[in-house]
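Structure first, then comments.
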Number of protein chains: 2
Amino acid sequence: MVRTDIPDIVIGRLPLYLRALNRLQQENLAFTSSHVLGQRLGISSAQIRKDLSLFGEFGKQGTGYHISTLIAELQRILHTDCEWQVALIGVGDLGRALAHYKGFVNRGFRITHLFDNDPAKIGQRIGEFEVLDAAVMEKTIREACIKVAMLSTPGDEAQDVADILVQAGIQAILNYAPITLLVPDGICVQYIDPVIHLQRMVYYLDLPV
Amino acid sequence: MVRTDIPDIVIGRLPLYLRALNRLQQENLAFTSSHVLGQRLGISSAQIRKDLSLFGEFGKQGTGYHISTLIAELQRILHTDCEWQVALIGVGDLGRALAHYKGFVNRGFRITHLFDNDPAKIGQRIGEFEVLDAAVMEKTIREACIKVAMLSTPGDEAQDVADILVQAGIQAILNYAPITLLVPDGICVQYIDPVIHLQRMVYYLDLPV
DNA sequence: TAGATTGTTAATCGATTAACAATC
DNA sequence: TAGATTGTTAATCGATTAACAATC
C-alpha cells in the first residue's frame, strides 16, 4: 500500500472507528459491517467503507469486517500498535485527574513524566511517578526521546511551555489550556476546551428563562 | 436578522473567535481585523469574514472589528450572554477537577449540581456544592430546569445516565466517557476523549524507536 | 487623500453520498 | 443458491478561497 495523501478529516475518524470496534469486541462479536458501525457512530456506511478503502481492503463481501483484524489494522495505521510515552505538564486538579486516568494504557499511550513549576508540587508522588521540576523539563524530555505531551497549565503559561516542549523535540501537543498555541510547521497540536463544546451546543438551545 | 440555516461547522468556529477576541481584549486592544484574528487561529481571513457575515455586518471598512462589540454580538448569537446552569454527573478525579475549574463562569456556564451513585461520595462537599444522590437526579434536574449536563462517569454507566438525563429534560450533554451515546433527535451531544486526539496526532509521527 | 479592510460574489476545491457490479 | 455486504465510481453536495467594489 502506497501511503498517498490521506485527508486529515479521514484520519480524525479512524480513532472513532477504533473505539467503536473495541466496544463491539467487548460485546463478544467477531464480525461487523459498515452499516452497524455507521449506526453506532452516526456516520454513513458509505463513508466508513470509503475511509477504510483508502488504506486497503479489510472486508469481505457478504460478511463484513473481522473485528479483531480491523482493530489491528487501524492500530497499525494510526501508529498506536505500540505505547507512546507522554509527558504531562501542569499538575493542578486537571493534571492530577489525567495522571490517574486509566484509559490511556491499552489505547497506545502512557503518561510517564509529570512536570510542574510549583515548589510545593515538585517531588510529590502522583500515582507511580514523582512530579519533576519544570526547570529540567527540556533536558528530561529530550533524553527520554518523548514525542507526545499534554499541557494542563494555566493559560498564560501555556505558550511559554509549548515553546520549551518544541525545543525539547516534542512533536504532538494536546493542549488543555484555553488558548491557541503558535508552533512551528510540522508540530501537531490538538485542543480540549470544554467551554468551546458547551458554547457550540447552547447555540441550538432556547434561551433559559 | 432572519436566522436561516447556518452550517454547524460555522457554529463550531464562533466559540474560537470568541475566545481569541477575549484574549485580544486582555491585551488592551480595542479593534482587530479578520486578518489578525485569522493569523492567531490558523484560519483564513476570508473565512472569518464570511462566517460573521452570516449573522450581520459587524465590521467597518478600513478599521476592522470593534472587539468588545463583536464579543457581545457573538455571545448573543451563541446564547452565552447569560449563565447556563450545568449538572455534573460522576464525581471521580475528572469530575472533581471539572467541579473546581474556574474557567466556566464568565464564559456562560456554572456547574450548580453534582451527582454520583457512590454512597461514599454522596453528601461530600466539593467546592461550594454537595454531591447529590444519583437517585434524585431526574427529579432535581427537572425541577431546577437544567438543560446542560456534563457526563464524567465510567463508560459502562454513561448510556444509562444519558437516558435519565434526557428524561429529565436535558438538551445538551458534554460526554467525557469514551463511548458514543444514543440519544433522541434534538438532543445535542459533544464528546471529549483525550485518547482520540492523541491517536489522531501520532498518525503523523514516525514510530518511536 | 491614500491605505486598509470589509462584505460578497463567483470559482475552486474537497467531502459525502447514492448506486451497483463483484463476490463471499 | 439467495442474501448480504464490500470496494469503487460518478454525481451531488457543501465548504473554502480568491478577488474586488465599496467605503471607512
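Note on naming: letters A, B, ... go to the chains in the order of the sequence lines (proteins, then strands), and numbering restarts at 1 for each one.
- Annotation: proximity of residues 31-52 of chain A to DNA chain D (heavy atom, distance under 4.0 Å) is found for A:Ser33, A:Ser34, A:Arg49, A:Lys50, numbered in ascending order.
- In summary, B:Asp81 and B:Arg76 do not engage in a salt bridge, as defined by a charged side-chain N under 4.0 Å from a carboxylate O.
- Remark on DNA chain C: of its neighbouring residues A:Pro7 and A:Thr63, the 5'-side contact belongs to A:Pro7, judged by nearest-heavy-atom nucleotide.
- Between B:Arg96 and A:Asp93 there is no salt bridge, since no side-chain nitrogen of the basic residue lies less than 4.0 Å from a carboxylate oxygen of the acidic one.
- Ring geometry, B:Phe104 versus B:Tyr101: the interplanar angle exceeds 60°, so the pair is classed perpendicular (tilted spans 30 to 60°).
- When DNA chain D is scanned 5' to 3' for any atom under 4.0 Å from a heavy atom of chain A, the first and last hits are D:dA4 to D:dT9.
- Around CZ of A:Arg142, the count of heavy atoms belonging to other residues, nucleotides or ligands within 6.0 Å exceeds 12.
- When base pairs are accepted only as Watson-Crick or G-U wobble with both N-N or N-O distances under 3.5 Å, DNA chain C takes part in stems of 3 or more pairs at C:3-24 with D:3-24.
- Salt-bridge check for B:Arg200 with A:Asp8: passed, with a basic side-chain N closer than 4.0 Å to an acidic carboxylate O.
- Below 30°, between 30° and 60°, or above 60°: for B:Phe55 and A:Tyr203 the angle between ring planes is above 60°, a perpendicular geometry.
- Heavy atoms from other residues, nucleotides or ligands lying under 6.0 Å from CG of B:Asn106 number 12 at most.
- Tested against A:Ile111 for a side chain to side chain contact (heavy atoms under 4.5 Å, CB included), the candidates A:Val148, A:Leu88, A:Ile126, A:Val105 yield a single pass: A:Leu88.
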